[in-house]
**Q** 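I am attaching a structure below and will ask some questions about it afterwards.
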Amino acid sequence: MNYQQILSEIHEEIKPYMHLGKVADYIPALERVNPDQFGICITTTEGESFMLGDATTAFSIQSITKVFSLALCLNIVGNDLWNRVGKEPSGTAFNSLIQLEVEKGIPRNPFINAGALVLADLLLTHLPSAEADYLAYIRSVSNNHTLDYNREVALSERETGYLNAAIANLLKHHGNLENDIERVLHFYFLQCSIEMSCRDLSEAFLPFANHKYAFSPGDVNLTTSQVKRINAIMQTCGFYDEAGEFSYRVGLPGKSGVGGGIAAVYPGRYSVAVWSPRLNAKGNSIMGMRALESLTTRTEESIF
Ligand code: DON
């Protein structure tokens, strides 16, 4: 498969959509990003990588971080995690409060904000130095030891993060947060603020594509079965109320972030990360979704 040629063809195909949509402006520091950027990187299980455009430019990974948090939590507490978080698609926006109230503080899945706040709480309880340990894990899995939190983005999100604060309060009310609300929010915003390029992300997602082998970057060891389950949750919940649309158009497990990034895997073959900051109404990258749709259509490689 000539992925480099395919990436060029995809880029030509989707150029007309470059100026559609707008950057996430509810996090003030993200509003300043140049919206007209596009990068993509594929890393194969055989160790090759193929890049195009702004593939080495770092951006705010935002909700993509939730996949790393899930991997860490499963590694630490195993199936006990599912006593505190569900694994069903929500069909609602990533920051919705509705189900959380009705379902008495048990988030539908680990990828909506409510679920990710529970993951952050769990990591604060179990990791000796949560901030340093989390970063060390991401540096290790992406093979890039220069990666870091962007504290300005994290603080900026806290200043306008009323909805996340409401979610955290509701979780606390129902006894599903052990740590102090401010600590949990701060750690969650820091996780979201990590900056990575498409190249870093596709490297970091490769273990999810290589699920036949033990997943052991750094000190994290997940079984083949656990990796299968993380991919299943990406497939059903990775795009919130657009999970069906992503599944229909792309047909790969993946996870989006409001920084405009999407990481996805074709198990057994490759991981791919794409980035373009302009988002659709559901908070997912317009060019990113189009690029991945074109990739799986052209290569006829998808899980379906
Ligand atoms: O909590 C938030 O709203 C952001 N830090 C992350 C949201 C996000 O990336 C949703 N994904 N598409």
**Q** Are any side-chain N or O atoms of Gln191 and backbone N or O atoms of Thr65, one a donor and one an acceptor, separated by less than 3.5 Å?
**A** no
**Q** With a 3.5 Å distance limit and no angle check, can you tell me whether Lys255 reaches the backbone of Gly238 through a side-chain donor-acceptor pair?
**A** yes
**Q** So, applying side-chain contact (heavy atoms from CB on, under 4.5 Å) with Asn179, which one of Leu123, Val184, Leu122 is it?
**A** Val184
**Q** Walk me through it: do Ile230 and Val67 pass the test side-chain contact (heavy atoms from CB on, under 4.5 Å)?
**A** CA-CA 8 Å; Ile230 292 171; Val67 181; 4.1 Å; yes
**Q** If we ignore hydrogens and angles and just use 3.5 Å, is the side chain of Asn280 paired with the main-chain N or O of Gly283 as donor and acceptor?
**A** yes
**Q** Less than 4.0 angstrom from a charged side-chain N to a carboxylate O is my criterion; do Asp180 and Lys172 meet it?
**A** no
**Q** Output yes when Asp121 and Arg84 qualify as a salt bridge under the 4.0 Å nitrogen-oxygen rule, no when they do not.
**A** yes
**Q** In this structure, would Ile64 and Ile42 fall into the same cluster of hydrophobic residues linked by side-chain contacts under 4.5 Å?
**A** no
**Q** Salt bridge check, Lys282 against Glu242: does any charged N sit closer than 4.0 Å to a carboxylate O?
**A** no
**Q** Is a salt bridge present between Glu152 and Arg32, judged by a nitrogen-to-oxygen distance below 4.0 Å?
**A** yes
**Q** May I have the step-by-step check of side-chain contact (heavy atoms from CB on, under 4.5 Å) for Lys66 and Tyr188, ending in yes or no?
**A** CA-CA 9 Å; Lys66 296 165 179 173; Tyr188 166 72; 3.6 Å; yes
**Q** Please list, chain by chain and in numerical order, all residues satisfying side chain to side chain donor-acceptor pair (under 3.5 Å) with Tyr270, sequence neighbours excluded.
**A** none
**Q** Does Ile233 share a hydrophobic cluster with Val118, counting links as ILVMFWY side-chain heavy atoms below 4.5 Å and allowing steps through other members?
**A** yes
**Q** Ignoring hydrogens and angles, tell me if any N or O in the side chain of Thr236 forms a donor-acceptor pair with the backbone of Ala232 under 3.5 Å.
**A** yes
**Q** Ignoring hydrogens and angles, tell me if any N or O in the side chain of Asn231 forms a donor-acceptor pair with the backbone of Lys228 under 3.5 Å.
**A** no
**Q** Do you know which two heavy atoms are closest between Leu252 and Ser302, and how far apart they sit?
**A** CD2-CA, 3.9 Å
**Q** Looking at Leu190, is its backbone amide N or carbonyl O close enough to the side chain of Ser193 to form a donor-acceptor pair, meaning the two atoms are under 3.5 Å apart?
**A** yes
**Q** Begin with the C-alpha distance, continue with both residues' side-chain angles, and end with the deciding distance and a verdict on side chain to side chain donor-acceptor pair (under 3.5 Å) for Glu301 and Thr296.
**A** CA-CA 5 Å; Glu301 290 180 331; Thr296 54; over 6 Å; no
**Q** Verify the cluster assignment for Val33 and Phe38: are they in a single hydrophobic cluster under the rule of side-chain heavy atoms below 4.5 Å apart?
**A** no
**Q** For Arg108, is the CZ atom crowded, meaning more than 12 foreign heavy atoms sit under 6.0 Å from it?
**A** yes
**Q** Under a 3.5 Å distance rule, please check whether Ser129 uses its side chain to pair with a backbone N or O of Ala132 as donor and acceptor.
**A** no
**Q** Sequence neighbours left out, what pairs pass side-chain hydrogen bond (donor to acceptor under 3.5 Å, both in side chains) with at least one residue falling in residues 43-55?
**A** Thr43-Ser202
**Q** Taking the side chain from Asn109 and the backbone from Pro89, do they hold a donor-acceptor pair closer than 3.5 Å?
**A** no
**Q** Would you kindly check if the NZ (Lys) or CZ (Arg) of Arg158 is within the cone defined by 45 degrees around the ring axis of Phe189 and under 6.0 Å from the six-membered ring centre?
**A** no
**Q** Is the side chain of Ser140 donor-acceptor paired with the backbone N or O of Ala136 at a distance under 3.5 Å, no angle test?
**A** no
**Q** Are Glu31 and Lys22 ion-paired here, with the side-chain N under 4.0 Å from a carboxylate O?
**A** no
**Q** Please indicate whether Tyr248 has more than 12 foreign heavy atoms, meaning atoms of other residues, nucleotides or ligands, lying under 6.0 Å from its OH.
**A** no
**Q** Same hydrophobic cluster for Met51 and Val272, using side-chain heavy-atom links shorter than 4.5 Å among ILVMFWY?
**A** no
**Q** In plain terms, say whether Arg298 and Glu13 are close enough for a salt bridge, that is, a side-chain N and a carboxylate O under 4.0 Å apart.
**A** yes
**Q** Counting only heavy atoms not in Tyr149, do more than 12 fall under 6.0 Å of its OH?
**A** yes
**Q** Is Gln5 atom CD crowded by more than 12 heavy atoms from other residues, nucleotides or ligands, each under 6.0 Å away?
**A** yes
**Q** Return yes when atom CD of Glu88 has more than 12 non-hydrogen atoms of other residues, nucleotides or ligands closer than 6.0 Å, and no otherwise.
**A** no
**Q** Taking the basic N atoms (NZ, or NE/NH1/NH2) and the acidic carboxylate oxygens, is any pair closer than 4.0 Å for Arg199 and Glu203?
**A** no
**Q** How long is the straight-line distance from CZ of Phe111 back to OG of Ser90, given to the nearest 0.5 Å?
**A** 12.0 Å
**Q** If you compare all heavy atoms of Cys41 against all heavy atoms of Ala55, which two are closest, and at what distance to 0.1 Å?
**A** CB-CB, 4.4 Å
**Q** Determine whether Leu147 and Ser142 satisfy the following criterion, side-chain contact (heavy atoms from CB on, under 4.5 Å), listing intermediate values before the conclusion.
**A** CA-CA 9 Å; Leu147 299 180; Ser142 47; 3.0 Å; yes
**Q** Under the criterion side-chain contact (heavy atoms from CB on, under 4.5 Å), I'd like the reasoning laid out for Leu72 against Tyr137: C-alpha separation, chi angles, the key distance, then a yes or no.
**A** CA-CA 9 Å; Leu72 273 176; Tyr137 163 61; 3.5 Å; yes
**Q** Just to verify, which of Phe208, Tyr134, Phe205 counts as forming a ring pair (Phe, Tyr, Trp, His ring centres under 6.0 Å) with Phe68?
**A** Phe205
**Q** For Asn95 and Asn113, what are the C-alpha separation, side-chain angles and deciding distance, and is it a side chain to side chain donor-acceptor pair (under 3.5 Å)?
**A** CA-CA 6 Å; Asn95 50 11; Asn113 289 6; 5.8 Å; no
**Q** Closer than 3.5 angstrom, by distance alone: can the side chain of Ser276 be matched with the main-chain N or O of Arg278 as a donor-acceptor pair?
**A** no
